[in-house]
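Atoms considered below: every heavy atom in the structure, side chains included; atoms not considered: hydrogens, waters and symmetry mates.
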Amino acid sequence: MPQRTAVAGGAAATPILDWRHPRVQALLTELRNLGPGTERAFLITAHRLIAARVRPVYAMNDQQPVSTTLRLGRGSCSQRLALLEAVARGRGISTRVRGLLLDGRFWRPRFPRLRVLIPRHVVLAWPEFLLEGRWVAVSELYGELNALRAGGRFTNTGGETLFDAIARTAVDWDGATCSSCDLSGQVRADLGYFDSRDDLFEQHGQTLCLPVRVPADLIMSRRAA
């Protein structure tokens with residue numbers, strides 16, 4: 001496992017996490033008006049609002065600015081997680097990401113007729129938030145994994161995405177909970193921690209190369225998850 005102390009994270013805006021954009025500022029104002037007290041309560045409120053406001057699709061561009069995701073009103077799991085990170089930073093909460101290289105077969109249940117087109121590996125940016133001096137993975141935003149596992153396993157089928165699942169069940173990349181919630185078998189490599197998702201994708205690239213990603217995104221970014 002990578003050293004958790006090696007990366008400081010931060011709350012600055014980035015090309016992806018462009019929380020200073022007027023559209024993101026408007027969302028931040030709306031969240032502040034809802035009045036969540038603690039930082040964790042703010043993030044839970046933000047997660048629920050994003051889940052309701054941004055329609056889940058199979059978009060491919062992990063480096064899309066979150067302001068664009070808001071304008072479109074739709075986004076992939078990665079793009080919606082990025083939006084949650086952006087509003088966290090706009091609230092002054094430092095974030096960082098853990099890079100995971102996942103087995104592409106993890107997504108086969110969603111695309112039974114397109115299995116041959118699924119990439120061998122998928123790069124995933126999994127956010128963490130600095131809350132009360134401790135890094136908290138997005139998996140544990142709603143509580144500890146051992147408590148969340150009662151919600152049942154994430155099957156990667158149907159309409160529920162990883163973004164949605166964290167509110168209901170344990171998304172466990174390390175095998176720290178029961179076997180039914182253990183997703184560690186899907187992890188092919190732990191890429192370590194990065195100050196931002198921008199840094200992760202700059203160093204390791206996106207799942208699909210540009211010539212493939214652009215036409216794929218034109219099709220898949222409108223397909224409901």
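- With hydrogens and angles left out, the side-chain atoms of D62 and S78 include a donor and acceptor closer than 3.5 Å.
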Practice prompt. Under the side chain to side chain contact (heavy atoms under 4.5 Å, CB included) rule, what do L102 and W173 come out as? Steps first, then yes or no, please.
Written response: CA-CA 10 Å; L102 302 185; W173 301 116; 3.7 Å; yes
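- Here the shortest heavy-atom pairing between E39 and L130 reads OE1-O, 3.9 Å.
- Connection of V97 to L100 is established within a shared hydrophobic cluster, with ILVMFWY side chains joined at heavy-atom distances below 4.5 Å, either directly or through further cluster members.
- Each of L72 and V66 belongs to its own hydrophobic cluster when Ile, Leu, Val, Met, Phe, Trp and Tyr are linked at side-chain heavy-atom distances under 4.5 angstrom.
- Nearest heavy-atom pair, A137 versus E128, reported as atom, atom and distance to 0.1 Å: CA-CG, 3.7 Å.
- A side-chain donor-acceptor contact under 3.5 Å links R80 to the backbone of V54.
- Of the possible polar contacts, one joining the Q79 side chain to the N61 backbone as a donor-acceptor pair under 3.5 Å is found.
- Put simply, SG on C77 and CG on L162 are 4.5 Å apart, with the number rounded to the nearest 0.5 Å.
- Considering only heavy atoms from C-beta on, P127 comes within 4.5 Å of V138 through its side chain.
- For the salt bridge (Lys or Arg N to Asp or Glu O under 4.0 Å) test, no residue two or more places apart in sequence or in another chain qualifies with D18.
- At least one donor-acceptor pair closer than 3.5 Å links the side chain of R89 to the backbone N or O of A12.
- The existence of a salt bridge linking R188 and D103 is confirmed by a sub-4.0 Å separation between a basic side-chain nitrogen and an acidic carboxylate oxygen.
- Both L141 and L83 are part of a single hydrophobic cluster, where members link through side-chain heavy atoms under 4.5 Å apart.
- Side-chain heavy atoms closer than 4.5 Å link hydrophobic residues (I, L, V, M, F, W, Y) into clusters, and following such links, possibly through other members, connects L49 to L43.
- Residues T169 and C181 approach most closely at OG1-SG, 3.8 Å, considering heavy atoms.
- Closest approach of G37 and R91 over heavy atoms only: O-NH2, 3.5 Å.
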Fill in: Pair N156-F106, side chain to side chain contact (heavy atoms under 4.5 Å, CB included): steps then yes or no
CA-CA 7 Å; N156 211 2; F106 183 48; 3.5 Å; yes
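- A single hydrophobic cluster is seen to contain both L31 and L17, as judged by linkage of ILVMFWY side chains at heavy-atom distances under 4.5 Å, directly or through other members.
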Discussion item. Side chain to side chain contact (heavy atoms under 4.5 Å, CB included) for V7 and R96? Distances and angles first, verdict last.
Written reply: CA-CA 8 Å; V7 170; R96 66 182 186 183; 4.2 Å; yes
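- The line from CG of L84 to CD1 of I44 is 10.5 Å long, rounded to the nearest 0.5 Å.
- F194 contributes atom CZ, which lies 5.0 Å from atom CG of L200 (distance to the nearest 0.5 angstrom).
- No donor-acceptor pair under 3.5 Å is formed between the side chain of D172 and the backbone N or O of D182.
- Summarising the local packing, CZ of R32 is surrounded by more than 12 heavy atoms from other residues, nucleotides or ligands at distances under 6.0 Å.
- Taking each heavy atom of A125 and R197 in turn, the nearest pair found is O-NH2, 3.4 Å.
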Mind listing the side-chain donor-acceptor pairs of residues 22-30 below 3.5 Å, one per line with the distance, residues two or more places apart or on another chain?
from: R23; atom 1: NE; to: S67; atom 2: O; distance (Å): 2.9
from: Q25; atom 1: NE2; to: W19; atom 2: O; distance (Å): 2.9
from: T29; atom 1: OG1; to: Q25; atom 2: O; distance (Å): 3.1
from: E30; atom 1: OE1; to: R53; atom 2: NH1; distance (Å): 3.2
from: E30; atom 1: OE2; to: R53; atom 2: NH2; distance (Å): 2.7

Worksheet item: Between E132 and R40, does a salt bridge (Lys or Arg N to Asp or Glu O under 4.0 Å) hold up when you go through it step by step?
Response: CA-CA 9 Å; E132 299 180 351; R40 184 185 291 268; over 6 Å; no
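- One distance of note links SG of C178 with CZ of R153; it measures 9.0 Å at 0.5 Å rounding.
- Although no hydrogens or angles enter the test, the distance criterion places a donor-acceptor pair under 3.5 Å between the side chain of D198 and the main chain of I16.
- Looking at H47, its side chain does come within 3.5 Å of a backbone N or O of F163 through a donor-acceptor pair.
- Salt-bridge check for D190 with R98: passed, with a basic side-chain N closer than 4.0 Å to an acidic carboxylate O.
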Worksheet item: Between L101 and V123, is a side chain to side chain contact (heavy atoms under 4.5 Å, CB included) present by the stated rule, with each step listed?
Response: CA-CA 5 Å; L101 194 66; V123 180; 3.8 Å; yes
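- Using modelled atom types, no side-chain atom of T68 and backbone atom of Q64 make a donor-acceptor pair closer than 3.5 Å.
- Considering all non-hydrogen atoms of both residues, A165 and V171 come closest at CB-CG2, 4.2 Å.
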